[in-house]
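What follows is a single structure, written as structure tokens, with notes after it.
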Amino acid sequence: MNVHEQLPEERLVRWPVVLGRIGWIDRIGLFGVVAITIVAVFATLLTPFNPQLRVAAAYLPPSWDHWFGTDEIGRDLFSRIILGIQYTWLPAIALVAISLVVGGCVGMIPGLISRKLDMLAQWVVDFFLILPSTVALAVIATLGAGLMNTMIAIGIAWWPWYARISRDELRRLNARPHVEAARAAGIRGPRLLLRYILPGAVPALLVAATLDIANVIMTISLMSFIGLGQPAPAPELGSMTSRALDSLSAYWWLPTLPAAVIFLICLFANLAGDGLRTALRGA
């Protein structure tokens, strides 16, 4: 057995044990996240009516035929909300995942190469962190309204936070005996990162990403609410709430139900993130 095989490694998280530590309230959030993901992926198969077509009279209240009623055109609101979950949840997951990968690479890789490159990377991160939120609005104003442009604008301001977290994890793990032993044995580059550092950084990054999903959803919904998201007639939850606010007193279900779905999505995401954070302590 060579010296590389004898090196201690960061203990991998035992996910079945971790999930068993989650309380029943947080477990509801975790199951809710799984259910929302399934609904988002198979949204087009789960809609009872075509979300874009008139299927009944306008402004019908919730009933057995139309669970969430109909909108001002006569489209089934339940079908539009199901599709709206896809327009909201999947972009949020994609945005968090991309920000996590980009921020993780910027936060870890330069620090493994050289101290000067690490300092340069942190200057770049600091520059993006101090950019005001109006820069995101300027990006959308330049590129035009649309879901993809909204994601680009939000992503510009989002990935630096993951770079900070990943760099902090790198500095913490660099002081661990198994990483020092690996360096002493001459292990460098991708093998050091993937085998000895990344397993120890995954829990913190995963918890941060899970807790961040709700923030991203709220930001996407806010952009959509003020008219900077996907243009009509796309069934985005934020824009559906915004367009129906004038009808709140007469047709309460039009703005209330999409807003309630946004609330539930964010609640489930936060409960799942809190559960993972609690369960991973000491894992």
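The structure displayed is predicted, hence computed values, not measured ones. In this chain, residues are counted from 1 in sequence order.
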If hydrophobic clusters are built from ILVMFWY residues whose side chains come within less than 4.5 Å, do [X] and [Y] share one?
{"X": "Ile113", "Y": "Val101", "result": "no"}
{"X": "Phe42", "Y": "Ile81", "result": "yes"}
{"X": "Leu53", "Y": "Leu60", "result": "no"}
{"X": "Leu254", "Y": "Leu248", "result": "no"}
{"X": "Trp123", "Y": "Ile109", "result": "yes"}

Of all heavy-atom pairs between [X] and [Y], which one has the smallest distance, and what is that distance?
{"X": "Asn270", "Y": "Ala214", "value": "OD1-CB, 3.6 Å"}
{"X": "Gly29", "Y": "Leu271", "value": "CA-CB, 3.7 Å"}
{"X": "Gly103", "Y": "Ser166", "value": "O-OG, 3.2 Å"}
{"X": "Gln86", "Y": "Pro91", "value": "O-CD, 3.3 Å"}
{"X": "Tyr162", "Y": "Ala208", "value": "OH-O, 4.1 Å"}
{"X": "Pro110", "Y": "Cys105", "value": "CD-O, 3.3 Å"}

Side-chain contact, heavy-atom cut-off 4.5 Å: [X] with [Y]?
{"X": "Leu77", "Y": "Met240", "answer": "yes"}
{"X": "Tyr87", "Y": "Leu237", "answer": "no"}
{"X": "Asp76", "Y": "Trp67", "answer": "no"}
{"X": "Val125", "Y": "Trp159", "answer": "yes"}
{"X": "Met151", "Y": "Ile98", "answer": "no"}
{"X": "Pro235", "Y": "Gln52", "answer": "yes"}

As an exercise, state the distance from [atom1] of [X] to [atom2] of [Y], rounded to the nearest 0.5 Å.
{"X": "Asn50", "Y": "Arg80", "atom1": "CG", "atom2": "CZ", "value": "10.0 Å"}
{"X": "Met108", "Y": "Leu205", "atom1": "CE", "atom2": "CG", "value": "5.5 Å"}
{"X": "Thr256", "Y": "Leu245", "atom1": "OG1", "atom2": "CG", "value": "9.0 Å"}
{"X": "Thr88", "Y": "Leu90", "atom1": "OG1", "atom2": "CG", "value": "9.0 Å"}
{"X": "Ile217", "Y": "Ile85", "atom1": "CD1", "atom2": "CD1", "value": "10.0 Å"}
{"X": "Arg243", "Y": "Asp71", "atom1": "CZ", "atom2": "CG", "value": "8.5 Å"}

Does [X] reach the main-chain N or O of [Y] with its side chain, forming a donor-acceptor pair under 3.5 Å?
{"X": "Ser79", "Y": "Phe49", "answer": "yes"}
{"X": "Thr210", "Y": "Ala272", "answer": "no"}
{"X": "Thr70", "Y": "Tyr59", "answer": "yes"}

Leu211 vs Val207, side-chain contact (heavy atoms from CB on, under 4.5 Å): CA-CA, chis, key distance, verdict: CA-CA 6 Å; Leu211 290 171; Val207 170; 3.9 Å; yes

Checking side chain to side chain contact (heavy atoms under 4.5 Å, CB included) between Pro160 and each of Leu129, Ile165, Val106, which is the one that passes?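 When side chain to side chain contact (heavy atoms under 4.5 Å, CB included) is applied between Pro160 and each of Leu129, Ile165, Val106, only Leu129 qualifies.
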
With side chain to side chain contact (heavy atoms under 4.5 Å, CB included) as the test, pick out the partner of Ser221 among Val216, Ile262, Thr241.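 Output: one option passes, namely Ile262.
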
If you count heavy atoms of other groups shown closer than 6.0 angstrom to CH2 of Trp253, is the number above 12?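 Enclosed.
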
Parallel, tilted or perpendicular, as decided by the 30° and 60° cut-offs, for the rings of Phe78 and Phe68: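 The rings of Phe68 and Phe78 stand perpendicular, inter-plane angle above 60°.
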
Test item: side-chain donor near acceptor, Asp212 and Trp158, under 3.5 Å: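 A donor-acceptor contact under 3.5 Å links the two side chains.
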
Between Asp126 and Arg164, is there a salt bridge with N-O shorter than 4.0 Å?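 Answer for the salt bridge query: yes.
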
